[in-house]
Amino acid sequence: MATLEIRDLHVSVEAENGPREILRGVDLTVKQGETHAIMGPNGSGKSTLAYSLAGHPKYTVTGGEVLLDGEDVLAMSVDERARAGVFLAMQYPVEVPGVSVSNFLRTAATAVRGEAPKLRLWVKEVKEAMAGLQMDPAFAERNVNEGFSGGEKKRHEILQLELLKPKIAILDETDSGLDVDALRVVSEGINRVRESGEVGTLLVTHYTRILRYIKPDHVHVFAAGRIVESGGAELADKLENEGYESYVKGGASE
Amino acid sequence: MADVNTPSGSTTAGSIEVGTAGAGAQLAGPGTGRATVKQPIDARVSVKPSFDVNDFPVPHGREEDWRFTPLHRLGGLHDGTAAEAVRGEDKVDLGLPEGVSASLVGRDDERIGKAGKPVDRVAAQAFSSFEQALVVTVPKETVLTEPVRIDVHAEGGVRFAHVVIDVKPFAEAVVVINHTGTGTRAANVELLVGDGAKLTFVSVQDWDRDAVHASQHTALVGRDASFKSVVVTFGGDLVRIHPRVSYAAPGGEAELFGLYFADAGQHLEHRLVIDHDTPHCRSNVAYKGALQGQDAHAVWVGDVLIRAAAEGTDTYELNRNLVLTDGARVDSIPNLEIETGEIAGAGHASATGRFDDEQLFYLQARGIPADEARRLVVRGFFAELVQQIGVAEIQDRLMEKIEAELEETVA
Ligand SMILES: Nc1ncnc2c1ncn2[C@@H]1O[C@H](COP(=O)(O)OP(=O)(O)O)[C@@H](O)[C@H]1O
Ligand SMILES: [Mg+2]
């Protein structure tokens, strides 16, 4: 069973006046089949955690380790991590002019699966996944993220999640900017992947809204660069009612 | 891509000159240029067009039409020394489909000089110095099913060349001129597109790394005729191509496509002029280039002039550049000058973008290795343009060529 272990992870970014530590010792273990919600106020370092796991060059790991089934994730390049089974659904997906969605998806699937999917099966697979996310087939001929609405970008991220079938899915604010209908469609997509039981999900969010559709097994409160409290789904209810106040000012984060 | 991290060495300038009140409302596409060049096109051409090289002073580099060109790398084409130097040899191989005739003719042949005059000293030098011209004629109403092929392989030394492609009324032809080898070469290509005729002219500059090539392509488009120009520049040390279009009668249509790939130290310059002096003609320009390596330099100047008589003109021009590494430089200057308000549409766009790390990260985060990710982006960038050429055989060849260039250089 796939397991992602994050141990005492410290991460800095290069700020104007030198390196600035954002993650200050994150410990977390995510197993295949589990869903962990990471909740915290803006600026607490949630995206930094997500991007660091995916290997974004902007973030420098200064301490700790990340293991996927015992393999050193931090020693892998960005694409090696993805091929090893780490998937990051981005908060702000990037436009790639001149590259069509269909070409992109097929290139990615070929890379991750280690061989080109059989064309006929692949076309069917993409079609079904797109239908499930209520995406117009014409979408496949558009350039990656170019001129996509906020909702289209998020659907496109989840489409990739469904097609690439990672071991560990990190979803960074996939709920942000979605109206209620889109949130439901996107959540159903995520749930389809979760129901396979083959993915460990790290659901990064500021709001509890998405948790109405996706039930986490564990909820972690993130503040000032580390996990300050962990609990079950009931912790989300507490956050819903009380907000992050107690964690931010003189609370557990200091 | 319009506004991402333009490298410090690039300029993207644009201007729209409107001579008649009200025309502004009809401008179709917005220019993305940042600076404005307030210089009318006529004033920017330093000397009147002429067949005689002596009518042009030797350029010194500050002239508007020479200011981007490193004159010392022109092999003396601009100052008369090349004309004195040892002439080189060409191997020219022709592929002529049935019905097409080709002949080498002397300087005084009456078919020479009909499309227009040289507009700069190098083109005039070529005109003044060539010995024989190649005239290719596609007879009236002849519709070719395969391309006319002109393979030029230069083998060093200086060459001055003149080519006339004469497509008679209602004929249809694709003509491909392919340049390989090396040498210092100045040429004029005349493209006569008869009434109702269709010509696709493809010029591929696939030179060795040290070649020097300057060429003026002068097209005269007949009534209701269509002209398509495809200029592809990969090789050479200094390449300066000057496609020009004017219209002999109303109803003509011109599409000018170009793609170029500049590596370290290469200077690839494309200067286009479309002179709309005739009513109800159309033009569409799309040039795309990629650059990589220290001192890779691309220059693109697109001058479109809509004269007072040219009512109903519809024109658009676009230039996009993708800068793959530091140290490359792009100068992109679209210029649209409008003297009549009665136009159907006019617009331009120019954008120079960095190949950015966020794109690379996004693709890699989906398992695609870095080198493949780069190639994917560059291939996509060019494919968009190649698809518009409309001749499958040429499209395939170009994509193969791009693929080979990518294998070699984008790692
Ligand atoms: N390049 C940077 N320079 C300085 N600070 C940065 C940089 N990038 C991110 N930060 C800071 O890191 C902190 C965490 O950001 P982020 O991980 O995006 O938080 P979250 O996703 O929880 O809102 C914020 O305070 C942010 O301002
Ligand atoms: Mg964030």
Side-chain angles (χ1 to χ4, degrees), chain A residues 50-59 76-115 141-147 153 156-157 159-161 163-166 169-170 172, chain B residues 1-6 32 257 259 261 286-290 318-324 349-388 395 398-399 402-403 406 410-411:
Chain A
Y51 277 108
S52 300
L53 294 174
H56 194 291
K58 179 173 134 186
Y59 302 95
M76 300 179 195
S77 65
V78 175
D79 47 299
E80 283 167 350
R81 295 179 196 205
R83 293 198 297 273
V86 177
F87 178 89
L88 168 63
M90 294 185 209
Q91 186 174 359
Y92 303 109
V94 183
E95 291 185 7
V96 191
V99 178
S100 70
V101 167
S102 68
N103 185 11
F104 165 65
L105 293 176
R106 191 165 162 82
T107 307
T110 302
V112 166
R113 297 178 189 183
E115 59 177 351
E141 297 321 311
R142 290 171 64 182
N143 290 333
V144 171
N145 292 318
E146 209 176 48
K153 283 183 181 164
H156 180 230
E157 292 296 287
L159 176 65
Q160 295 165 55
L161 170 69
L163 294 170
L164 299 180
K165 300 185 177 61
I170 305 153
D172 190 9
Chain B
M1 203 175 62
D3 50 8
V4 292
N5 305 328
T6 300
T32 54
F257 297 124
L259 49 102
F261 200 125
Y287 267 63
K288 282 188 164 191
L318 166 137
N319 174 232
R320 280 179 181 258
N321 294 285
L322 187 57
V323 178
L324 303 174
S350 161
T352 296
R354 251 343 264 248
F355 182 85
D356 80 274
D357 294 340
E358 294 299 327
Q359 283 176 9
L360 196 60
F361 172 73
Y362 187 74
L363 296 170
Q364 279 187 272
R366 300 305 179 243
I368 303 167
D371 54 349
E372 200 184 335
R374 284 176 184 281
R375 289 197 289 264
L376 192 64
V377 171
V378 181
R379 192 189 294 125
F381 174 75
F382 283 125
E384 243 177 7
L385 182 65
V386 172
Q387 280 153 14
Q388 297 177 50
Q395 292 179 185
L398 283 182
M399 285 316 293
I402 289 165
E403 209 60 50
L406 290 176
V410 181

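A, B, ... follow the sequence lines: proteins, then strands. Residue 1 opens every chain. Keep in mind the model is a prediction, meaning the values are calculated, not measured.
Tested against B/Leu363, the residues A/Asp79, A/Val144, A/Val96 include a single side chain to side chain contact (heavy atoms under 4.5 Å, CB included) partner, A/Val96.
Distance check, rounded to the nearest 0.5 Å: CD of B/Glu372 to OG1 of A/Thr110 gives 8.0 Å. In this structure, B/Arg375 CZ and A/Thr107 OG1 are separated by 11.5 Å, a value rounded to the nearest 0.5 Å.
Heavy-atom minimum distance, B/Gln364 versus A/Ala82: O-CB, 3.8 Å. Minimum heavy-atom separation, A/Gly55 to B/Phe361: C-CE1, 3.9 Å. Between B/Leu376 and A/Val99 the shortest heavy-atom distance is O-CG2, 3.4 Å. The minimum heavy-atom distance linking A/Leu164 with B/Arg366 is given by the pair CD1-CD, 4.0 Å.
Contact annotation: the side chain of B/Glu358 never approaches that of A/Glu95 to less than 4.5 Å [non-hydrogen atoms, C-beta and beyond]. Between A/Val78 and B/Leu360 there is no side-chain heavy-atom pair separated by less than 4.5 Å.
The aromatic rings of A/His156 and B/Tyr362 lie tilted to each other, with the angle between the two planes from 30° to 60°.
Taking A/Lys153 as the reference, nothing meets the salt bridge (Lys or Arg N to Asp or Glu O under 4.0 Å) condition, with sequence neighbours excluded.
Heavy-atom distances place no part of B/Ala383 under 4.5 Å from chain A, backbone and side chain included. Of the two parts of B/Glu384, only the side chain, counted from C-beta on, holds a non-hydrogen atom closer than 4.5 Å to a non-hydrogen atom of chain A.
Note on residues 103-115 of chain A: pairs passing salt bridge (charged side-chain N to carboxylate O under 4.0 Å, His left out), not counting sequence neighbours, are A/Arg113-A/Glu125.
Contact count versus chain B (heavy atoms, under 4.5 Å) is highest, among A/His56, A/Glu80, A/Arg83, A/Lys58, for A/His56.
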